[in-house]
Structures are given as structure tokens and as C-alpha cells.
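First comes the structure, then the notes that go with it.
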Amino acid sequence: MATPTVLVVEDNTLNAELFSDILEMNGFSVCTTETAERGIEMARKLSPELILMDVNLPGLNGLEATRILKSDPATRHLKVVGLSADAMKGDEAIGMAAGFDGYLTKPIDARTFAASVRAFISAQAQVTECAPN
Ligand code: MN
């Protein structure tokens with residue numbers, strides 16, 4: 001398959017650089033942005049294979065952005081994986097309700113991060129249509 005594109009929406013520059021470096025070293029094409037507003041715009045234009053969405057962002061937060069993406073027919077198929085600090089217990093459940101397809105906690109494990117991202121990308125999308133038989 002072609003180089004998968006990952007869109008990273010993260011306002012912490014050091015984190016964004018870390019995610020980006022690891023993913024690029026592992027063969028992904030990466031775009032980053034610091035705001036959810038811009039992330040939504042980029043998601044529409046890029047149709048990335050995966051969006052890594054920080055929960056705590058200035059302006060719209062990652063949960064609100066995910067709800068917007070998941071309620072728009074043009075972007076609802078995009079996979080969104082939430083990212084939040086391990087200490088924020090409860091974020092995972094709230095995030096899954098907002099439409100996250102998966103969830104990763106920060107700090108990330110640099111040794112397994114790329115493999116986790118790859119697994120989210122290759123995970124079969126939930127079949128919602130009737131298969132012809
Ligand atoms: Mn943040």
C-alpha cells in the first residue's frame with residue numbers, strides 16, 4: 001500500500017515532533033497541526049489514513065473536533081485515535097463516546113508507538129453495509 005498519511009493534532013510542540021519523528025522513521029507520511037480547527041480543515045483535504053487527536057487543545061478540544069468529523073458524511077469514515085495524558089482517567093470512555101476509533105495514553109511508549117499506529121490503520125473498519133450474497 002502507498003505510504004500512509006497520519007495527521008497529528010497536538011498543541012504540545014515537543015510531543016508533535018516526537019510523534020512525527022517516530023512515524024516518519026517508520027515509513028509514514030506525517031502532517032501536524034496545533035489546533036482542532038485546522039485539524040478538521042486538513043482532515044477534509046488530506047483524507048489521512050489516521051488522525052492522532054490530542055484531547056486537550058486550545059479552542060475546540062479533541063473530543064469536540066472528533067464529534068464534528070464523525071457527524072460529517074465527508075469525514076466520518078476517517079479513523080481518529082485519541083491521545084491523552086495517562087492521568088486523565090475517564091477521558092478514554094468519554095473519547096470513545098465522542099467517536100474515537102481507538103485511544104493511546106501519553107507519555108507514549110516510543111518502542112511500540114509506530115506498531116500501535118499501524119495496527120489502528122490496518123484494523124478492519126466496522127462493516128455497516130449489507131454484503132451482497
Ligand atoms: Mn494538549
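Source: prediction; values computed, not measured. Positions are given from 1, in the same order as the sequence printed here. In each ligand, atom 1 is the first atom listed, and ligand 1 is the first ligand listed.
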Total protein N, O or S atoms, the Mn ion (ligand 1), separation less than 2.8 Å: 3
Sequence neighbours excluded - ring-ring contact (aromatic ring centres under 6.0 Å, His included) pairs with any residue from residues 30-58: none
Within residues 3-31 or reaching into it, pairs that qualify as ring-ring contact (aromatic ring centres under 6.0 Å, His included) - sequence neighbours excluded: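 As it turns out, the ring-ring contact (aromatic ring centres under 6.0 Å, His included) pairs with a partner in residues 3-31, which skip direct neighbours, are F19-F113.
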salt_bridge(R38, E41) N-O dist < 4.0 Å: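 Salt bridge flag = yes for E41 with R38.
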L104, V80, V8, N61 screened by side-chain contact (heavy atoms from CB on, under 4.5 Å) with M53, the one that passes: V80
Over all atoms of both residues, closest heavy-atom pair of L57 and L60: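 So the two residues come closest at CB-O, 3.6 Å.
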Qualifying side-chain hydrogen bond (donor to acceptor under 3.5 Å, both in side chains) pairs with a residue from residues 9-27, counting only residues at least two apart or across chains: E10-K106
